[in-house]
Peer 1: 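Would you mind keeping the following structure in view while I ask a few things?
Bear in mind the structure is a predicted one, so any value in this text is a computation, not a measurement. In each ligand, atom 1 is the first atom listed, and ligand 1 is the first ligand listed. The first residue of the sequence shown is numbered 1, and numbering continues consecutively from there.
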Amino acid sequence: MTNLPEILKITREVGWGAAKLLRSYYQATANNLEIEYKQNEPITIADKAVSEYILSHLQAAFVDEDFGYISEETYKSQQGKYPGELVWIIDPLDGTRDFINKTGEYAIHIALVQNTRPILAVVAIPEAEKIYYATKGGGTFVETVNGSHPLKVAAAKPLEDLILVVSRSHRHDKLEFLLKNLPCQKQKAIGSVGCKVAAIVEQQADVYISLSGKSAPKDWDLAAPELILTEAGGKFTHFDGRPLEYNTGDINQWGGLLASSSQDHEILCQKAELTLTEFAAK
Ligand SMILES: Nc1ncnc2c1ncn2[C@@H]1O[C@H](COP(=O)(O)O)[C@@H](OP(=O)(O)O)[C@H]1O
Ligand SMILES: [Mg+2]
């Protein structure tokens with residue numbers, strides 16, 4: 001395999017190119033985004049164009065490599081898991097609703113997964129003109145036009161001072177009950193998982209909670225943001241402490257997931273599980 005630093009260099013370039021392309025769609029006010037709905041989730045021509053851009057550039061750069069490719073826009077529910085060891089998991093536009101509603105909170109996720117776990121990640125945030133990148137064991141960095149520097153999550157603070165970020169559009173009764181009963185009541189809505197994790201590694205937030213309802217977030221929503229967070233010193237697990245796994249055959253990430261700046265991660269997970277038991281008993 002081409003070495004990881006070389007793969008990262010190429011992926012960062014692809015991330016910047018994809019960010020520029022996606023931003024051009026965001027800023028073209030006269031553009032008809034040709035919004036369609038797939039299982040209740042919107043898709044625009046920008047999702048498709050950026051997916052095509054990322055896939056074609058990665059495939060051209062790694063013609064000699066035995067990589068699989070899973071992109072939100074080209075994924076077919078019957079395709080099952082990629083049988084090889086290394087697979088790219090790509091979300092060309094995470095936060096499509098926020099993209100359409102012009103909140104600026106949208107991101108691009110590119111992760112390389114080895115045997116169900118991410119080993120390399122790029123999260124691009126076009127409106128901030130930043131990319132975040134990480135490799136397993138190599139730390140997390142933020143890059144702007146002025147260069148890059150490492151990032152670490154915030155130091156420990158009291159539970160009640162932790163700032164929690166949560167989805168703006170994927171809300172339901174069970175999640176609302178959970179959010180109301182957590183010890184951290186400083187809560188704000190941010191679109192896109194990439195943008196939520198960026199807020200945590202930039203020390204503007206501390207905790208992110210995702211709880212599936214009738215639908216669940218998918219591998220491409222989480223693989224890249226997870227590595228960006230954990231390499232910055234944070235934790236990202238199921239409420240029961242299990243690590244997330246990708247390319248398992250079920251693209252959905254069911255259940256409760258908690259991402260945090262790590263101090264008190266286990267306490268928050270236990271509290272979340274307890275609160276769900278209370279909800280079930282209502
Ligand atoms: N309960 C859920 N069901 C389906 N998708 C979910 C979800 N929660 C989060 N997601 C996905 O996670 C991404 C971020 O969501 P949010 O901005 O609400 O936090 C979105 O990806 P896409 O925009 O790529 O579809 C969204 O579809
Ligand atoms: Mg997404």
Peer 1: Assess the side chains of Glu143 and Tyr133: does a donor N or O sit below 3.5 Å from an acceptor N or O?
Peer 2: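 Distance-only check fails for Glu143 and Tyr133.
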Peer 1: For atom 20 (C) of ligand 1, find the nearest protein heavy atom and state the residue, atom name and distance (0.1 Å precision).
Peer 2: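 Checked against all protein heavy atoms, atom 20 (C) of ligand 1 sits closest to Asp94 OD1, 3.6 Å.
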Peer 1: Select the closest option to atom 8 (N) of ligand 1 among Glu105, His172, Glu72, His170, judged by heavy-atom distance.
Peer 2: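 Looking at heavy atoms only, His170 sits closest to atom 8 (N) of ligand 1.
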Peer 1: Would you mind checking which non-hydrogen protein atom is closest to atom 19 (O) of ligand 1, with the distance to 0.1 Å?
Peer 2: Lys196 NZ, 2.6 Å
Peer 1: So, is Gly213 polar-close to ligand 1, with some N/O to N/O distance under 3.5 Å?
Peer 2: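 No, there is no polar N/O contact under 3.5 Å.
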Peer 1: Among all protein non-hydrogen atoms, which one is nearest to atom 3 (N) of ligand 1, and what is the separation to 0.1 Å?
Peer 2: Ser215 OG, 2.6 Å
Peer 1: Salt bridge (charged side-chain N to carboxylate O under 4.0 Å, His left out) between Glu36 and Lys48: does it pass, once the steps are laid out?
Peer 2: CA-CA 11 Å; Glu36 293 166 27; Lys48 292 176 194 167; 3.1 Å; yes
Peer 1: Would you mind finding which of Gly194, Ser212, Ala107, Ser167 brings a heavy atom closest to atom 16 (P) of ligand 1?
Peer 2: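 Answer by nearest heavy atom: Ser167.
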Peer 1: side-chain hydrogen bond (donor to acceptor under 3.5 Å, both in side chains) with Arg168: which residues, sequence neighbours excluded?
Peer 2: Asp98, Glu105
Peer 1: Report yes if the distance between the aromatic ring centroids of Tyr132 and Phe141 is under 6.0 Å, otherwise no.
Peer 2: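 Centroid distance Tyr132-Phe141: not below 6.0 Å, so no.
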Peer 1: Let's go through Lys130 and Glu202 carefully: what are the C-alpha distance in whole Å and the side-chain angles of both, what is the deciding distance for salt bridge (charged side-chain N to carboxylate O under 4.0 Å, His left out) to 0.1 Å, and is it a yes or a no?
Peer 2: CA-CA 12 Å; Lys130 285 180 176 177; Glu202 296 270 12; 3.0 Å; yes
Peer 1: Taking N or O atoms only and a 3.5 Å limit, does Arg168 qualify as a polar contact for ligand 1?
Peer 2: no
Peer 1: Is Ser192 close enough to touch ligand 1? Criterion: a residue heavy atom under 4.0 Å from a ligand atom.
Peer 2: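 In this structure, Ser192 qualifies as a contact of ligand 1 - some heavy atom is under 4.0 Å.
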Peer 1: Would you mind running through ligand 1 and noting each atom that sits below 4.0 Å from a heavy atom of Asp91?
Peer 2: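 Listed by number with element: 24 (O).
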Peer 1: With a sphere of 6.0 Å drawn around NZ of Lys157, does it hold more than 12 non-hydrogen atoms of other residues, nucleotides or ligands?
Peer 2: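 Enclosed.
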Peer 1: Linking I/L/V/M/F/W/Y whenever their side-chain heavy atoms sit closer than 4.5 Å, directly or via other members, would Leu258 and Leu178 fall into one cluster?
Peer 2: yes
Peer 1: Report the nearest protein non-hydrogen atom to atom 27 (O) of ligand 1: residue, atom name, distance rounded to 0.1 Å.
Peer 2: Glu41 OE1, 3.2 Å
Peer 1: Can you find an N/O atom of Ala216 closer than 3.5 Å to an N/O atom of ligand 1?
Peer 2: yes
Peer 1: Distances under 2.8 Å only: what protein N/O/S atoms are near the Mg ion (ligand 2), ordered by chain and residue?
Peer 2: Asp91 OD2, Asp94 OD1, Asp221 OD1
Peer 1: Is the contact between Arg97 and ligand 1 made by the side chain, the backbone, both, or neither, using heavy atoms and a 4.0 Å cut-off?
Peer 2: neither
Peer 1: Are Leu55 and Tyr82 co-members of a hydrophobic cluster defined by side-chain heavy atoms under 4.5 Å apart?
Peer 2: no
Peer 1: Short N/O distance, under 3.5 Å, between Gly95 and ligand 1?
Peer 2: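 In this structure, Gly95 places an N or O atom under 3.5 Å from an N or O of ligand 1.
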Peer 1: Is the Phe62 ring parallel, tilted or perpendicular to the Trp88 ring (thresholds 30°, 60°)?
Peer 2: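 If you compare the ring of Phe62 with that of Trp88, the planes turn out parallel.
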Peer 1: Above 12 or not: heavy atoms from other molecules or residues under 6.0 Å from CG of Asn40?
Peer 2: no
Peer 1: Going by side chain to side chain contact (heavy atoms under 4.5 Å, CB included), Ile119 matches just one of Leu4, Thr135, Val113. Which one?
Peer 2: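 Testing Ile119 for a side chain to side chain contact (heavy atoms under 4.5 Å, CB included) against Leu4, Thr135, Val113 leaves exactly one candidate, Leu4.
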Peer 1: Starting from Ile251, can I reach Leu244 by hopping between I/L/V/M/F/W/Y residues whose side chains sit under 4.5 Å apart?
Peer 2: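 Same hydrophobic cluster.
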Peer 1: For ligand 1, which part of Thr96 has a heavy atom less than 4.0 Å away: the side chain, the backbone, both, or neither?
Peer 2: both
Peer 1: Between Ile43 and Ile35, is there shared hydrophobic-cluster membership here, with clusters defined by ILVMFWY side-chain heavy atoms closer than 4.5 Å?
Peer 2: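 Per the 4.5 Å side-chain linkage, Ile43 and Ile35 are not co-clustered.
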Peer 1: Pull out every atom of ligand 1 sitting under 4.0 Å from any heavy atom of Gly191, numbered as shown with elements.
Peer 2: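 Once the distances to Gly191 are compared, the set is 17 (O).
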Peer 1: Any chance the rings of Trp220 and Tyr75 have centres within less than 6.0 Å?
Peer 2: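 They qualify: ring centres under 6.0 Å apart.
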Peer 1: Out of Leu257, Asp98, Asp221, whose heavy atom sits nearest atom 12 (O) of ligand 1?
Peer 2: Asp221
